[in-house]
Amino acid sequence: LVTEFFAAMPPLWCSKVLLVIAVTGRIPDRDGNLVPTAGKKGPLCVKFIDIKRAHFVSKSRRRICVELPPELQAIHGPDAVGLCLKTLYGTRDAAACWEDEFTRALLGIGFVQGRSSPCLFYHEERGIRTEVHGDDFESLGCVEDLDWLALELSKIWMIEDKGALGPPGTRGTVQEMRHLNRLITWDREGITWEADPRHAEIIIKELGLTASGVSTPLEKEKAGEEDETEEETLPEHDTTRFQSMTMRAGYLSQDRTDIQRTVRELAKGMKAPTRRHWRILKRLGRYLVSHPRVVQRLRYQDKFTHLTAFCDSDHAGCVRTRKSTSGVVIVLGHNQVRSLCRGQAVIALSSGEAEYYALVTCISEALGDQSALADWGIRVKLTLLMDATAGKSIGSRRGLGKVKHINTIFLWVQELVTSGQVAIGKIHTSMNFADLLTKPVSGPLLKRLMDDQGFMFPSTRANLALTA
């Protein structure tokens, strides 16, 4: 039943990748050769289209009957029911039927569906790259071809053309857009991307914070300094509040690398939060007081040929379970497209082993991103950068070596490195973007790493921001 009703959703970072391509001068084609993004038809722009009443236009795959309204019961009798030819909002397979509907429509006008995600489409002849997020279409191409796409879709469904986001001065474009509750702006320096700032405002208001903020979202905890009173479970009312604010912080962290490590710590207490988790949440709230907004700048760049991934780990960082944390930052050219913070399921016996597990996670994520780019006709090479010599050595050789306790299922990475499909490089710890995803860092270091990834901390309110 799960597979019958399953409907795919594209990764959020795919939306940001389209914007990165739009500010890049040359990108690799299917053969890896650099080709200009802008052609005779003009620069690349991004069009946003919303399909109206999407679930009402999809053909139903199941036999579903509904009760008739009183006026029809008077004609057909009280025992008559209506047979649904189209899906209804709320039915379990509505999203899956809509996926079938938009797939047939896009294939019918010349698009090719992606393999990594069925929500990614590429029209090679017109150079249009599209991702479908529910009933929202985001497409990259020149204005002329994007207008053609909007016209073709309007022949099939009722649509709302929200406009094309383009460089300032480009005819037929706008420079501000709200998409998936993200605030997107295109100016002379590139494109800015910001999460909905209302989430930070709601967390601050819910916690009742009025004091001054702090420079870091998480404090370092040392073994042996645990306070037993902090392990008391929160009352039921506070538990519900904690879970609500943690989920809101998790949503916000998708676009804010600076709080991902803290949110991971909060997520550990979702089932049974304690006073310690509440203290961490209040610390995050105080950080949001001083850093309510984070805006990412996607800068103009000449080209990109590689997908660069930074990885790091904090060996035995959890003082309670002694498990480690993996951090990954993925960059396309000079622009960061996504980051993640994830706990390691296996207890690593050394820092080198922990770094290798982080390397496995990093390569797994980067391979998926490489496949998604290939669905859009872009062939990139993979380069991984890490600051641990031991982890790099384990990944670069063949076999277990001295770490014979590592499960052989993790050794597939060695084959990719040996065959040249993935290159591993060494960088200094101070230059590793993933460092702030694995451990609490100082305020100056956090700000520098965020600045290097194109993040800014504006103090004024965004023009597109809604009021909480």
Side-chain angles (χ1 to χ4, degrees), residues 9-24 27 37-38 42-51 119-120 128-143 146-147 149-150 159-201 251-258 292-301 330-339 372 376 450 453-458 460-468:
M9 193 67 68
L12 177 64
W13 67 269
C14 287
S15 178
K16 193 182 296 185
V17 165
L18 291 179
L19 302 178
V20 172
I21 297 172
V23 296
T24 304
I27 61 175
T37 55
L44 291 181
C45 302
V46 185
K47 181 175 280 291
F48 300 89
I49 299 174
D50 179 36
I51 309 300
C119 301
L120 305 182
I128 302 177
R129 297 174 173 89
T130 295
E131 66 133 356
V132 183
H133 195 284
D135 57 6
D136 293 310
F137 283 60
E138 180 182 1
S139 303
L140 175 71
C142 68
V143 173
L146 294 177
D147 289 341
L149 174 61
I159 71 169
E160 178 188 356
D161 188 346
K162 296 183 177 180
L165 185 75
T170 304
R171 186 177 181 181
T173 65
V174 298
Q175 280 64 57
E176 291 183 331
M177 184 68 63
R178 185 184 293 109
H179 177 61
L180 302 177
N181 284 330
R182 270 74 182 179
L183 313 181
I184 308 173
T185 305
W186 199 326
D187 55 28
R188 299 292 179 182
E189 299 180 19
I191 297 176
T192 60
W193 172 286
E194 179 183 3
D196 190 343
R198 290 178 297 176
H199 296 296
E201 297 170 0
Y251 185 84
L252 186 63
S253 70
Q254 295 179 95
D255 305 291
R256 292 192 54 163
T257 303
D258 57 331
R293 292 180 60 200
V294 170
V295 178
Q296 183 182 3
R297 165 75 66 182
L298 303 176
R299 307 182 185 93
Y300 281 109
Q301 56 187 9
I330 296 181
V331 177
L332 204 53
H334 300 295
N335 294 309
Q336 190 235 71
V337 292
R338 71 184 182 110
S339 60
W376 278 334
M450 290 291 285
Q453 296 177 68
F455 291 96
M456 306 173 290
F457 298 91
T460 58
R461 188 172 181 81
N463 296 331
L464 292 175
L466 301 176
T467 304

Quiz item: Which heavy atom in Cys142 sits nearest to a heavy atom in Gly42, and how many Å separate them?
Solution: CB-O, 4.3 Å
Quiz item: Is the side chain of Gln296 donor-acceptor paired with the backbone N or O of Gln336 at a distance under 3.5 Å, no angle test?
Solution: yes
Quiz item: With a 4.5 Å heavy-atom cut-off, do Ser15 and His133 have their side chains touching?
Solution: no
Quiz item: Is a donor on one side and an acceptor on the other found under 3.5 Å between the side chain of Arg129 and the backbone of Trp376?
Solution: yes
Quiz prompt | Backbone N/O of Arg299 and side chain of Asn335: donor-acceptor pair under 3.5 Å | solution = yes
Quiz item: Nearest 0.5 Å, what's the OG1-CD distance between Thr24 and Gln301?
Solution: 3.5 Å
Quiz item: Would a distance-only check, ignoring hydrogens and angles, find a side-chain to backbone donor-acceptor pair under 3.5 Å from Thr192 to Val295?
Solution: no
Exercise. Classify the side-chain pair Thr257/Gln453 by whether it contains a donor and acceptor separated by less than 3.5 Å.
Key: no
Self-check item: NZ/NE/NH1/NH2 to OD/OE distance under 4.0 Å, Asp196 and Arg178
Solution: no
Quiz prompt | Pairwise distance CG(Leu146) to OG1(Thr173) - rounded to 0.5 angstrom | solution = 11.0 Å
Quiz item: Arg297 and Met456: which non-hydrogen atoms are nearest, and at how many Å?
Solution: CB-CE, 4.2 Å
Quiz prompt | For Leu19 against Glu138, the heavy-atom pair lying closest together | solution = CD2-OE2, 4.2 Å
Quiz item: What are the two closest heavy atoms between Ala372 and Trp13, and how far apart are they?
Solution: CB-CH2, 3.8 Å
Quiz prompt | Side chains of Gln175 and Asp187 in contact at under 4.5 Å (non-hydrogen atoms) | solution = no
Quiz item: Would a 4.5 Å heavy-atom cut-off, applied to side chains only, mark Glu201 and Arg461 as touching?
Solution: yes
Quiz item: Counting only heavy atoms not in His179, do more than 12 sit closer than 6.0 Å to its NE2 atom?
Solution: yes
Quiz prompt | Arg188 to Pro168 - nearest heavy-atom pair and separation | solution = NH1-O, 3.6 Å
Quiz item: Does some side-chain heavy atom of Val294 sit less than 4.5 Å from a side-chain heavy atom of Asp255?
Solution: no
Self-check item: Rounded distance [0.5 Å steps], SG in Cys45 versus CZ in Arg171
Solution: 13.0 Å
Practice problem: Go through the steps for Leu12 and Arg182 under the test side chain to side chain contact (heavy atoms under 4.5 Å, CB included), then give the verdict. | Solution: CA-CA 11 Å; Leu12 177 64; Arg182 270 74 182 179; 3.3 Å; yes
Self-check item: Heavy-atom side-chain proximity of Phe48 to Asp136 below 4.5 angstrom
Solution: no
Quiz prompt | Verdict with reasoning, Lys47 to Leu149, per side chain to side chain contact (heavy atoms under 4.5 Å, CB included) | solution = CA-CA 9 Å; Lys47 181 175 280 291; Leu149 174 61; 6.0 Å; no
Quiz prompt | Distance in Å, Asp135 CG paired with Ile159 CD1, rounded so as to fall on 0.5 Å steps | solution = 12.0 Å
Self-check item: Value rounded to 0.5 Å, distance of CG in Leu183 from CD in Glu194
Solution: 5.0 Å
Quiz item: Rounded to the nearest 0.5 Å, what separation is found between the CE atom of Met9 and the SG atom of Cys14?
Solution: 12.5 Å
Self-check item: Note, Arg293 side chain near Thr460 side chain (heavy atom, < 4.5 Å)
Solution: yes
Exercise. Measure across Leu44 and Pro167 and return the closest heavy-atom pair with its distance rounded to 0.1 Å.
Key: O-CD, 4.0 Å
Quiz item: Any side-chain heavy atom of Val46 sitting closer than 4.5 Å to one from Ile191?
Solution: no
